[in-house]
2 protein chains.
Amino acid sequence: MNENAPATTFAYKPLYMQVKDQLVRRLIDGEWQPGQLIPSEMELARQVGVSQGTIRKALDAMTAENLLIRRQGRGTFVASPEESRILFQFFRMVPDDGETSFPQSRILKRDRARATRRDARALDLQAGEAVWLTERLRSIRDKPLLVETIRLPAARFAGFGDVADLPNNVYGLYSQRWGVTIARASERLKAVAASEADAAHLGCATHTPLLEITRVAFDLENKPVELRVSRCLTDMAHYAAELR
Amino acid sequence: MNENAPATTFAYKPLYMQVKDQLVRRLIDGEWQPGQLIPSEMELARQVGVSQGTIRKALDAMTAENLLIRRQGRGTFVASPEESRILFQFFRMVPDDGETSFPQSRILKRDRARATRRDARALDLQAGEAVWLTERLRSIRDKPLLVETIRLPAARFAGFGDVADLPNNVYGLYSQRWGVTIARASERLKAVAASEADAAHLGCATHTPLLEITRVAFDLENKPVELRVSRCLTDMAHYAAELR
DNA sequence: GAGTGGTCTAGACCACGGG
DNA sequence: CCGTGGTCTAGACCACTCC
C-alpha cells in the first residue's frame, strides 16, 4: 500500500497519515456508522498491511479530532453526536451557577429561502441558492436563553422542511437522516443590542446587550454545512472557553 | 523516581506520565528557562533511565500542552511567550477584515488594592490580601479596541508597581521577572453595556454593547495567577473560537 | 557527515471489560 | 478466561538542520 519512495520528495506524507486518510474515508462513505464498533487494531493492521503501531498512530490522531472514541478492554467506536461528551463539544453557553444542563427548544419559524451573499460565502454556495431557514428559542429551566437562526443548504438536506419535530440536538438528525457528520466548527463572537424581535422572544428590553455567536459548522470533508447565528442573554449564563 | 505507592487506591500512573511530571518539574523549578534548548531524547533517556520511546511520549504530551516546541533536526525547546504562536494563543480578538495584528497599549491606572471577595475566589487568596491593579486601553491601528483591568496577587509579584514601562505582552514580563509561566487560561464571555468610563476611553456611546471577557490565567502548577477583565468594542473585531 | 526529531516495525507485558 | 486497547522497549531507517 506504500507508494511513496520519493526521490526528490516534494510531498512526503507519513504512512500513518495516509492510513488515517484511508480510515476517515470509511467514515465519509458511511462504511462505518456513528456509534459502531470498528475492527480491532490487529485486524486493521492485517487489512491495511502495516504494523499495529502505525494503525495506532492513525487511530490516535482520529481520536484527538473527536472522530473516534477508544475504550480500553472494549474496542474503538465511531463518535456519535448522542454521546454526552460530544453533545457539549459544540454548546458552550453555561449557567453562571455551574449546573450544565442542555436547553429545551421551541421552533419559531421554518422556511425555505434564498442564500444572501453572506450565506453563500459562509456555506460555499452561489448567491440565491436555496437554503432551509430555522429560527428557534432555546431556554434553560423555562428561562429564555437565546434565539438562533440556522441556515442549511437545501441541496444537501432534501426534505428538511418535512421533518415534523426537530430534535433538540440537530447534529444527531443531520447524521441519521442525511449522513452528514459535523466534525468541527468555527465561531465568531460579538456583542450586539437586542432588536425588538429579540426582546419579544427573550423577554428583555430592546437594546439589551446580547452575545451574538456566528458559527459555521464543517463536515468530515471540511466543507461548510451549517450557518448558525445565536443571540444570547448573558445575565444568568456565559460562554465558556479554555485556552491552552 | 517512582514514588507512587498508593495504600488503598490503586492509582496507577503510566511511566511516561511520571516522566512528564518530572520534566515539568524542571520547568517549574526554572532549571529549564523559556527559549532554552533542552537535552536530546537520547540524553534524557539516559538521565531518567527509561527508553527513548517513553521519553518521546512524555515530550509529546508536553508539546501538546504548548510547554515545549520541537524542531526536527534542531532539538526540543522550552516554549516562550515571545514566540508568535504563543503570543496569539491567549489573544483571541481579531479584526473582522482578517489582518491579525497585536494591539498597542496605554496604561490608564496602576494601583495597589485589596482583593475583593470575587478577586479572592478567582485568585485563591484571602479577601483583603494585597493585589496589583492595572487598567489599560488597547488599540489596533490607533482605533480603541478594549479596556482591561488586570489583577495580580502582590505576594507573587514583588515590585510590580515599580516597573516603569509595562510591555505590551505582560506574560513575557511575568516569566522573565518573576519566573511565572502562564500555562493555560479559562475565559467567561458576556455581553454588557458600556459604562460612562468605558465610553470615554473607547470613544463610543454609553450603553454600547461590549464583549466582556473575564479570564483567569494559571501557572505550570495550575495555580491561578492573574485575573483579567476586558471590555471590548466589537464593531470592527470579534472573538474567534475553534471547536473540534 | 553528524546529530536531531519523526516514522515504522515487532514483540512483550499490563490494565480493563465482559463472558 | 479471552480479547481489547495502553504501555514500554529496542532497533532501523527517514527527513531536516547545521557545520
Side-chain angles (χ1 to χ4, degrees), chain A residues 1-23 32 35-79 83 85, chain B residues 1-2 4-6 8-23 32 35-79 83 85:
Chain A
M1 85 139 271
N2 191 337
E3 66 223 16
N4 38 4
T8 52
T9 194
F10 268 51
Y12 166 71
K13 200 163 197 181
L15 185 51
Y16 78 92
M17 277 296 189
Q18 300 173 37
V19 172
K20 182 196 155 197
D21 291 346
Q22 183 180 330
L23 298 183
W32 290 341
Q36 184 183 332
L37 173 69
I38 72 171
S40 71
E41 294 181 349
M42 279 306 203
E43 169 61 15
L44 286 173
R46 205 187 50 72
Q47 285 179 21
V48 179
V50 300
S51 79
Q52 186 200 8
T54 300
I55 290 289
R56 167 156 294 168
K57 279 209 80 167
L59 295 180
D60 282 349
M62 292 170 72
T63 302
E65 292 177 28
N66 292 310
L67 300 180
L68 301 176
I69 298 179
R70 315 193 73 182
R71 292 195 232 271
Q72 186 172 129
R74 297 189 55 196
T76 303
F77 298 79
V78 180
E83 308 272 347
R85 303 178 235 189
Chain B
M1 70 148 277
N2 189 337
N4 49 355
T8 53
T9 60
F10 278 68
Y12 165 73
K13 201 164 198 179
L15 183 53
Y16 78 91
M17 277 297 189
Q18 299 174 37
V19 172
K20 182 196 153 196
D21 291 346
Q22 181 180 331
L23 299 183
W32 289 341
Q36 183 183 331
L37 173 68
I38 72 171
S40 72
E41 295 181 350
M42 279 306 204
E43 169 62 14
L44 286 173
R46 205 186 50 71
Q47 285 179 21
V48 179
V50 299
S51 80
Q52 185 199 9
T54 299
I55 291 289
R56 167 155 295 167
K57 278 209 80 168
L59 295 180
D60 282 348
M62 292 170 73
T63 302
E65 292 177 28
N66 292 310
L67 300 181
L68 300 177
I69 297 178
R70 315 193 72 183
R71 291 195 235 270
Q72 187 172 136
R74 299 189 53 197
T76 303
F77 299 80
V78 181
E83 308 272 346
R85 303 180 235 190

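Remember, predicted model here, so these are calculated numbers, not experimental data. To find a chain, count down the sequence lines: A is the first, B the second, and so on, and within it residues start at 1.
- Among the nucleotides D/dT9, D/dA15, D/dG5, the one closest to the side chain of A/Glu41 is D/dG5.
- A/Gln18 places a side-chain N or O within donor-acceptor distance of the main-chain N or O of A/Lys13, the cut-off being under 3.5 Å.
- Evaluated for a side-chain contact (heavy atoms from CB on, under 4.5 Å) with A/Phe77, the options A/Ile38, A/Leu68, A/Leu37 yield exactly one hit, A/Leu37.
- Comparing A/Met17 and A/Gln72 against DNA chain C, the residue whose closest nucleotide sits nearer the 5' end is A/Met17.
- Looking at the side chain of B/Arg74, the nearest of the listed nucleotides D/dT9, D/dC18, C/dC8 is D/dC18.
- Rounded to an integer number of Å, the gap from CD1 of A/Ile69 to P of D/dG5 is 14 Å.
- For B/Arg71 and D/dC18, the CZ to P distance is 10 Å, given to the nearest whole Å.
- Between B/Ser51 and B/Tyr16, every side-chain heavy-atom pair lies at or beyond the 4.5 Å cut-off.
- The side chain of B/Ser51 lies closest to D/dA10 when the candidates are D/dA10, C/dT9, D/dG6.
- Judged by closest nucleotide on DNA chain C, B/Leu59 is the one of A/Tyr16 and B/Leu59 placed further toward the 5' end.
- In the set D/dG6, C/dG17, D/dT9, the nucleotide with an atom closest to the side chain of B/Leu15 is D/dT9.
- OP1 and OP2 of C/dT4 both lie 4.0 Å or more from every side-chain N or O belonging to B/Thr76.
- Here D/dT9 presents its P atom at 9 Å from CD1 of B/Ile55, a figure rounded to the nearest Å.
- Distance, A/Lys57 NZ to D/dC8 C1': 16 Å, rounded to whole Å.
- Summarising the geometry, the separation between CD on B/Gln52 and P on D/dA12 is reported as 13 Å, rounded to the nearest angstrom.
- Rounded to an integer number of Å, the gap from CG of B/Leu37 to P of C/dG3 is 15 Å.
- An OP1 or OP2 oxygen of C/dG6 is reached within less than 4.0 angstrom by a side-chain nitrogen or oxygen of B/Arg70.
- In terms of phosphate contacts, B/Thr54 brings a side-chain nitrogen or oxygen within less than 4.0 Å of OP1 or OP2 of D/dT9.
- If you check the side chains of A/Glu43 and A/Gln47, you find a donor sitting under 3.5 Å from an acceptor.
- Taking atom CE of residue A/Met42 and atom C1' of nucleotide D/dG6, one finds them 13 Å apart after rounding to whole Å.
- Nearest heavy-atom pair across B/Leu44 and B/Pro39 is CD1-O, 3.7 Å.
- Remark: P of D/dC14 and OH of A/Tyr12 are 10 Å apart, rounded to the nearest angstrom.
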